[in-house]
A.B. asks: 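This is the structure, below, for whatever I ask next.
In this chain, residues are counted from 1 in sequence order. Just so it is clear, the model here is predicted, and its values are computed rather than measured.
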Amino acid sequence: MKKDLIIKVVLVALIVLSLFLTFMIWTMPSQFNEETNANQGTTSSVSIARDMSQVFGPTQIVLHKNGEINAFTQTKIVTAITREFTKWKVDTIEEPIELTNEEYEEKLSQTNALEMVFVENISFGVFPDLFNDLAGEYQDRSFNRIYFSKDNLNQIYFYNTHSKLFYSEAIEGIDQSKIDKLIEEENAISYLANAVLDEGKQVYTSAEEIELPYLSYLVERQTNQLFIERLFDDTSEVRENSANDENIVSYNDYVSELQINENTDILTYYRNRNAENKLSITETLRVSYNELIQYENWASDVHYFDYNDSTREVTYRRYIAGFPVFSEFSDYGTTHVTVFEDGLSRLQVPLVIAQTPISDVEEQKTLQSGVSILESLSASGYPSEEIDDLKIGYTWINSTESDRVINLEPNWYVKINGKWQLAQSLLFNEGGQ
């Protein structure tokens, strides 16, 4: 009896301690590597190291085996295979042939292959160390798929689903045993997938329901001063002006302007540059990456996500647990960078970053299959030919209980007319567009 009583007392004490610590986490600022500003909340000035190969690397690994397609998005798997990819050596790039998306799919279905899927077109010149001899004429040519067959590890294939150009090249360094070990690990997570959408927009989406956890994080807000010091050459020339809008504080030095929306914590910087001498796409991506690593302090992965040829704007998106981050009301998921030959022209970056996960018990959400989502969208007036892309993403939701906490909810997102939208919102919009 006495032993049972002691156990009960200890359990009650542990529960009380757990509740107390949870309360402290939610209400007290983190003391690790932080500065506190009365007007700006908790801040961090730590820069995150990012490999160029990871930022421009694949976001999905697809295994084609015995006619079945399995897709991996798990950060650990994608990152590890990307690191293997950087060790390979392609002899050179030679003239491609043209293949339709259907012909490309047919090639894949005839072999057991590992395919790397990229969000956007990547120019060959972004990965110069991958090639023994990359001719200048191929620097700005691009691909968005790479695969190799287990039957021939001396050959690699690059494909662009938009231009329909297919490259078959000699390669050295693929270690099949390492690849197999990674994708066959006990905790490796994949889902059965189908290739969907029309020519030039092919994506792999889930054929079955998927369960993903809700996530919660403590957030930090970076100081205005941190960006003033990095973006202005001479801070003594900087003037502050907050008269125009009570939510907008702006700083300028007569050459450039920095605006910060104190309501949304979104920073926008603009400097007039000479746009006549435009950089090549490869140079644009490299230079924009150099700007990204100075200003984007998201602790998890950030991937190259989009490029606007008319404005020269490069978009990078935050990822969490292998999935892109979206937000419905403020652009917390992306960093936008525009660069020209003489430097940075425009920057938009969220100042709020997720730092510490605070959820111990993972509540799961069941998402219907991507195939089912497409069928539902079609029935609601959005046929597949109008859809450019389809992805699972995490929706950023500010907590109503604490401004230091965000919640991330898994949802389906679709891209229509260049804009990413919550699929569920479109399904409630009867009759489509």
Side-chain angles (χ1 to χ4, degrees), residues 50-60 78 81-99 101 104 115-148 154-174 200 202 273-294 302-317 335-346:
R50 301 187 196 282
D51 290 339
M52 196 171 185
S53 59
Q54 296 293 337
V55 172
F56 292 101
T59 58
Q60 194 179 50
V78 175
I81 289 179
T82 302
R83 285 186 182 136
E84 285 299 305
F85 163 65
T86 61
K87 300 174 187 176
W88 303 344
K89 276 295 180 184
V90 179
D91 186 32
T92 187
I93 291 291
E94 297 179 353
E95 276 302 304
I97 62 172
E98 287 194 22
L99 289 182
N101 287 180
Y104 175 74
E115 185 182 19
M116 303 166 72
V117 179
F118 299 76
V119 178
E120 245 313 337
N121 292 342
I122 306 291
S123 58
F124 288 109
V126 169
F127 294 106
D129 294 338
L130 182 64
F131 304 96
N132 289 324
D133 180 23
L134 182 62
E137 63 184 295
Y138 292 102
Q139 288 279 339
D140 292 330
R141 292 203 190 182
S142 61
F143 61 91
N144 55 26
R145 303 290 174 85
I146 300 174
Y147 83 86
F148 67 87
N154 298 316
Q155 203 74 12
I156 194 165
Y157 307 93
F158 298 87
Y159 183 61
N160 188 315
T161 57
H162 304 110
S163 68
K164 314 296 189 297
L165 296 181
F166 179 81
Y167 302 79
S168 175
E169 312 298 344
I171 191 170
E172 295 178 352
I174 298 177
Q202 184 207 62
R273 299 284 189 180
N274 181 5
E276 292 181 6
N277 299 321
K278 293 182 178 180
L279 298 171
S280 68
I281 180 59
T282 297
E283 291 170 326
T284 297
L285 295 181
R286 286 178 178 171
V287 175
S288 69
Y289 161 79
N290 290 333
E291 300 294 343
L292 172 81
I293 60 177
Q294 292 187 64
V302 174
H303 284 286
Y304 167 53
F305 205 78
D306 198 11
Y307 174 68
N308 186 317
D309 187 54
S310 60
T311 64
R312 315 295 283 186
E313 181 180 81
V314 182
T315 299
Y316 297 92
R317 188 169 290 276
T335 292
H336 304 278
V337 183
T338 304
V339 292
F340 292 105
E341 192 174 50
D342 55 346
L344 177 66
S345 174
R346 185 178 183 276

A.B. asks: I'd like to know if the side chain of K164 and the backbone of H162 have a donor-acceptor N/O pair within less than 3.5 Å.
C.D. replies: yes
A.B. asks: Let's go through S123 and L285 carefully: what are the C-alpha distance in whole Å and the side-chain angles of both, what is the deciding distance for side chain to side chain contact (heavy atoms under 4.5 Å, CB included) to 0.1 Å, and is it a yes or a no?
C.D. replies: CA-CA 9 Å; S123 58; L285 295 181; 4.2 Å; yes
A.B. asks: Answer yes or no: does atom CD of Q155 have more than 12 heavy-atom neighbours from other residues, nucleotides or ligands under 6.0 Å?
C.D. replies: yes
A.B. asks: To the nearest 0.5 Å, what is the distance between CD1 on I156 and NZ on K89?
C.D. replies: 13.0 Å
A.B. asks: Just one of Y104, F124, Y167, Y159 clears the ring pair (Phe, Tyr, Trp, His ring centres under 6.0 Å) bar with F143, so which one?
C.D. replies: F124
A.B. asks: Could you give the distance from CG (D140) to CG (L279), rounded to the nearest 0.5 Å?
C.D. replies: 10.5 Å
A.B. asks: Taking E94's backbone N and O only, do any of them form a donor-acceptor pair with E169's side chain (distance below 3.5 Å, no angle check)?
C.D. replies: yes
A.B. asks: Side chains of T335 and V302: closer than 4.5 Å at any heavy-atom pair?
C.D. replies: no
A.B. asks: Tell me whether R286 contacts the main-chain N or O of G125 through its side chain, where contact means a donor paired with an acceptor under 3.5 Å.
C.D. replies: yes
A.B. asks: Please report, to 0.1 Å, the donor-acceptor pairs under 3.5 Å made by any side chain of residues 126-139, with sequence neighbours excluded.
C.D. replies:
unit_1, atom_1, unit_2, atom_2, d
Y138, OH, E95, N, 3.3
Y138, OH, E95, OE2, 2.8

A.B. asks: Does the side chain to side chain contact (heavy atoms under 4.5 Å, CB included) test come out yes or no for V78 and T59, once each step is laid out?
C.D. replies: CA-CA 7 Å; V78 175; T59 58; 5.6 Å; no
A.B. asks: Please collect all salt bridge (Lys or Arg N to Asp or Glu O under 4.0 Å) contacts where either partner lies in residues 115-126, sequence neighbours excluded, each pair once.
C.D. replies: E115-R145
A.B. asks: Not counting sequence neighbours, which residues clear side chain to side chain donor-acceptor pair (under 3.5 Å) with Y307? List them please.
C.D. replies: R312
A.B. asks: Side chains of T161 and N101: is there a donor and an acceptor less than 3.5 Å apart?
C.D. replies: no
A.B. asks: Tell me every residue that passes ring pair (Phe, Tyr, Trp, His ring centres under 6.0 Å) with Y289, counting only those two or more places apart in sequence or in another chain.
C.D. replies: none
A.B. asks: Only counting residues at least two apart or in another chain, list the ones meeting ring pair (Phe, Tyr, Trp, His ring centres under 6.0 Å) with Y304.
C.D. replies: F56
A.B. asks: Donor-acceptor pairs are to be reported for all side-chain atoms of residues 339-346 against protein atoms at under 3.5 Å, with residues two or more places apart or in another chain.
C.D. replies:
unit_1, atom_1, unit_2, atom_2, d
E341, OE1, N277, ND2, 3.4
D342, OD2, N274, N, 3.4
S345, OG, R271, O, 3.3
R346, NH1, E313, OE2, 3.1
R346, NH2, Q348, OE1, 3.2

A.B. asks: Looking only at non-hydrogen atoms, find the nearest pair between H303 and G57 and report the distance.
C.D. replies: ND1-O, 3.9 Å
A.B. asks: State the OG1-CG distance between T315 and L292, to the nearest 0.5 angstrom.
C.D. replies: 11.0 Å
A.B. asks: If you round to the nearest 0.5 Å, how far is CG of N121 from CG of D306?
C.D. replies: 10.0 Å
A.B. asks: Return yes if some donor-acceptor pair links the side-chain N/O of Q54 with the main-chain N/O of D51 below 3.5 Å, else return no.
C.D. replies: no
A.B. asks: For side chain to side chain contact (heavy atoms under 4.5 Å, CB included), just list the numbers for V314 and H336, CA-CA rounded to whole Å, side-chain angles, deciding distance to a tenth of an Å, and then say yes or no.
C.D. replies: CA-CA 6 Å; V314 182; H336 304 278; over 6 Å; no
A.B. asks: Going by ring pair (Phe, Tyr, Trp, His ring centres under 6.0 Å), F148 matches just one of W88, F158, Y157. Which one?
C.D. replies: W88
A.B. asks: Is a donor on one side and an acceptor on the other found under 3.5 Å between the side chain of N144 and the backbone of F118?
C.D. replies: no
